[in-house]
Undergrad: 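Supplied in structure tokens, the structure appears directly below.
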Amino acid sequence: MPPGSEHLSAERIQAGVASRQFGRTIYCLDRVDSTNIFARRRAEQGANEGELVFAEEQTQGKGRLGRTWFSPPHLNLYFSLILRPEFGAAQASHITLMAAVALAETLECVLSDPPEIKWPNDILVRGHKLAGILTESSCEGTRIRFVILGIGVNVNVPSELMPVAIRESATSLFQVTGREFDRNHLAALLIQGLERCYKELAGAGFAALAARWERYFQLKGRPIQVQMLDQITHGTAMGIDADGALIIRDQEGVTRRVLAGDVIPLTLSPCC
Ligand code: BTN
């Protein structure tokens, strides 16, 4: 059977996960509106940290900033992980950064080109989006009740099946490598990577992961445009601060913190 034609199975995924704190309970659904919505319901019902929800297809896959996430059946990975961190709500943004490190490190093992992190939550290969992260938190005052960490990875989808609107900007493991991937095996690798990085975050804070995050952040020192709700800022990307905010230095030399927005790399104009 070609590796890409295997259906998702909780047993097969669990067989590949060594430690099993994440993934003791795994739902593999045929079709769901959004794995984040399903996982939020499970968390509200008291599900334990580490419970995972996978789906073959999402009918209302959610992206960041109210966008939709292209979620055709049987080709990619769409999953949500329930987390109940002990750190405070002020550190919730670290979960997205932690997940980006875990995804980049895991995907690097199966790719010949190193992945890049595009702040805050995109994983790119050769400048095209391969995976995205959508973190949704439920807090009570300064305490986090739970976090739903939603991850979408374009695995075996060929370019011609992608909607025209994202065909130029997105890619998949299949498109990058020319081969199909066993999604159960890849899911197990991702779960292990997430568990390892989450333990580091919970134990020592984001400082434990910051250097690795920076290694994948290719825009440092480069001119960028950041599109916020009703505002566009230009400047040089300097990195992130301890809260995970993007630091840019604008044309006047003023340093600014960006908490949310879309980053667009600008090409350096050739010197005359
Ligand atoms: C983004 O880059 O905009 C974030 C995309 C996150 C997509 C994943 S797929 C699994 C989970 N369920 C959703 O509805 N969205 C996330």
Side-chain angles (χ1 to χ4, degrees), residues 8 13 22-23 26-44 47 51-83 92-93 95-104 106-107 115-125 127-138 146-157 162-163 165-173 183-184 186-187 190-191 193-194 216-217 226-229 244 246 259-265:
L8 289 174
I13 296 171
F22 284 2
I26 299 182
Y27 287 87
C28 284
L29 310 170
D30 275 340
R31 189 186 233 218
V32 72
D33 43 6
S34 152
T35 57
N36 268 31
I37 295 175
F38 189 97
R40 172 177 281 270
R41 261 196 312 269
R42 289 287 309 147
E44 296 284 6
E51 185 167 308
L52 279 150
V53 180
F54 283 80
E56 289 285 6
E57 176 183 10
Q58 296 185 117
T59 54
Q60 289 169 49
K62 296 196 278 180
R64 212 167 54 96
L65 305 173
R67 296 178 185 134
T68 54
W69 184 256
F70 171 59
S71 308
H74 307 297
L75 288 169
N76 296 325
L77 284 176
Y78 323 110
F79 65 98
S80 300
L81 171 65
I82 297 173
L83 296 172
S93 64
I95 295 197
T96 306
L97 303 173
M98 173 285 292
V101 173
L103 286 191
T106 306
L107 293 169
E116 283 171 43
I117 295 175
K118 182 155 96 64
W119 181 91
N121 66 341
D122 291 350
I123 304 295
L124 311 185
V125 182
H128 298 273
K129 184 157 170 173
L130 178 67
I133 301 163
L134 179 67
T135 311
E136 298 180 294
S137 313
S138 166
F146 59 82
V147 173
I148 305 301
L149 173 58
I151 293 177
V153 184
N154 295 329
V155 183
N156 292 324
V157 62
M162 288 194 175
I166 61 166
R167 207 172 282 168
E168 289 298 310
S169 59
T171 192
S172 67
L173 289 175
R183 289 174 305 144
N184 290 306
L186 183 64
L190 289 166
I191 293 168
L194 285 164
Y216 292 107
F217 181 60
V226 186
Q227 183 142 18
M228 292 161 267
L229 279 181
L246 179 69
L259 293 168
D262 268 334
V263 172
I264 300 162

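Throughout, residue positions are numbered sequentially from 1 according to the sequence presented. Remember, it's 1-based here, ligands and their atoms both numbered in the order they're listed.
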Undergrad: Which pairs with one or both residues in residues 127-136 pass salt bridge (Lys or Arg N to Asp or Glu O under 4.0 Å), sequence neighbours excluded?
TA: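 Found Lys62-Glu136, Asp122-Lys129.
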Undergrad: Hey, does the side chain of Tyr78 reach the backbone of Pro72 with a donor-acceptor pair shorter than 3.5 angstrom?
TA: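 Pair found, side chain donor or acceptor close to backbone of Pro72.
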Undergrad: Determine yes or no for a side-chain-to-main-chain donor-acceptor pair under 3.5 angstrom, with Ser172 supplying the side chain and Val157 the backbone.
TA: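 At least one qualifying donor-acceptor pair exists.
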Undergrad: Does Gln227 offer a backbone N or O that forms a donor-acceptor pair with the side chain of Asp262 under 3.5 Å?
TA: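 No, because the side chain of Asp262 does not come within donor-acceptor range (under 3.5 Å) of the backbone of Gln227.
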Undergrad: Check each protein residue for a heavy atom under 4.0 Å from ligand 1 and list those that pass, ordered by chain and number.
TA: Ser34, Thr35, Asn36, Gln58, Gly61, Lys62, Gly63, Arg64, Trp69, Tyr78, Phe79, Ser80, Asn121, Asp122, Lys129, Gly132, Ile133, Leu134, Gly150, Ile151, Gly152
Undergrad: Could I get the full list of side-chain contact (heavy atoms from CB on, under 4.5 Å) partners for Glu56, not counting sequence neighbours?
TA: His7, Leu8, Asp30, His74, Arg183
Undergrad: Please enumerate all residues that pass side-chain hydrogen bond (donor to acceptor under 3.5 Å, both in side chains) together with Thr96, with sequence neighbours excluded.
TA: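 With sequence neighbours excluded, Thr96 shows a side-chain hydrogen bond (donor to acceptor under 3.5 Å, both in side chains) to Thr135, given in chain and number order.
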